[in-house]
Novice: 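Encoded as structure tokens, here's the structure I'll be asking about.
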Amino acid sequence: MELEVDGSQVARIVAWVRAALPYEACGLLVGRADADGRVTVVRAELARNATTEPAEDRYEVHPEDFLASDRAARAEGLDVVGVWHSHPDSAARPSRTDLERAWPGWSYLIVGRAAHADLHVRSWRVDENGDAHEERLCEPLTESRTEARVAGRDHFGRPSVTIAS
Amino acid sequence: MTRATLRLPTPLRAFCGGSDELQLDGGTVGELLGTLVAQHPGLSGRILDDAGALRRFVNVFVDGRNARGEGGLAMAVPQGAVVTIVPAVAGGAS
């Protein structure tokens, strides 16, 4: 499993995450899903957080924003292929709530900020049993490298992106 | 009976042969979803609960209007309408 996303799109997400602190930010990933399991993100989009629970640790993409993104994506021959959201005060791994509410088939990109340290970006997919599987982040080969460097490895050797605070 | 276009999000397409949209008959949202799950039973539990009501984590929009505020399953579906199933996209850090 791979999620191909340009660093410029990751940088957009990180900017939205920083602007929303201390609350969670969320949005959608628009692109293409190939039959071989590779997902290509064409663009990241910001959505309103419509949660009625405390927004410090909950998100819900506003359904009207989903509808607008879905409509625009279809008009371009694209799809909503995933979701991004932030964990303002915890790691970039799916929480119990994330797993309970995740839809198999989508990529879930999480920007984590454990112990107020540097931001980390990791991406996951959830299977039909509710188990999370990390997917490799990679950049398009033809695009220039940007500030937010994708396809790095953290000190456990896991795929991740680190953006200095 | 009217005919409408039903648009499906990516996570639900595996339960209806990979189709991203279907042409279905149904004069109301409930009738349309009934036609859908009759043709694709695997979708039933993902859209409707055991009592036949719309699941909490699913919204249905008819020509851009959310059925939840307009009668729910009883909301009328006009001829040629575009009906979109919008899954709740939610989670959180804890």
Novice: Would B/V77 and B/L8 show up in the same hydrophobic cluster when neighbours are defined by side-chain heavy atoms closer than 4.5 Å?
Specialist: yes

Novice: Quick one, B/M75 with B/R65, criterion side chain to side chain contact (heavy atoms under 4.5 Å, CB included). Give me CA distance, side-chain angles, the key distance, then yes/no.
Specialist: CA-CA 10 Å; B/M75 182 182 183; B/R65 289 157 38 220; 3.3 Å; yes

Novice: Measuring heavy-atom distances to chain B, does A/Y59 have an atom under 4.5 Å in its side chain, in its backbone, in both, or in neither?
Specialist: both

Novice: Counting only pairs under 3.5 Å, give me each side-chain donor-acceptor contact of residues 21-37 of chain A, with atom names and distances, residues two or more places apart or in other chains.
Specialist:
unit_1, atom_1, unit_2, atom_2, d
A/E24, OE2, A/R58, N, 3.4
A/E24, OE2, B/A93, N, 2.8
A/D36, OD1, A/R38, N, 3.0

Novice: Near B/R3 CZ, under 6.0 Å, is it more than 12 heavy atoms from other residues, nucleotides or ligands?
Specialist: yes

Novice: Using a cut-off of under 4.5 Å for heavy-atom pairs, which of A/D79, A/L67, A/D57 has the most such pairs with chain B?
Specialist: A/D57

Novice: Select one option (side chain, backbone, both, neither) describing which atoms of B/F61 are under 4.5 Å from chain A's heavy atoms.
Specialist: side chain

Novice: Among the clusters formed by ILVMFWY side chains lying less than 4.5 Å apart, do B/L22 and B/V58 turn up in the same one?
Specialist: yes

Novice: Please classify the contact between A/E64 and chain B as side chain, backbone, both or neither, with a heavy-atom cut-off of under 4.5 Å.
Specialist: both

Novice: Examine whether an atom of A/P104 lies under 4.5 Å from a heavy atom of chain B, and if so say whether it belongs to the side chain, the backbone or both; otherwise answer neither.
Specialist: backbone

Novice: With a 4.5 angstrom heavy-atom cut-off, is it the side chain or the backbone of A/V83 that approaches chain B, or both, or neither?
Specialist: side chain

Novice: Do the side-chain N and O atoms of A/S123 and A/E134 include a donor-acceptor pair separated by under 3.5 angstrom?
Specialist: no

Novice: Between A/H87, A/H85, A/H62, A/E53, which shows the greatest number of heavy-atom pairs under 4.5 Å with chain B?
Specialist: A/H87

Novice: What part of B/R46 gets closer than 4.5 Å to chain A, counting heavy atoms only: side chain, backbone, both or neither?
Specialist: both

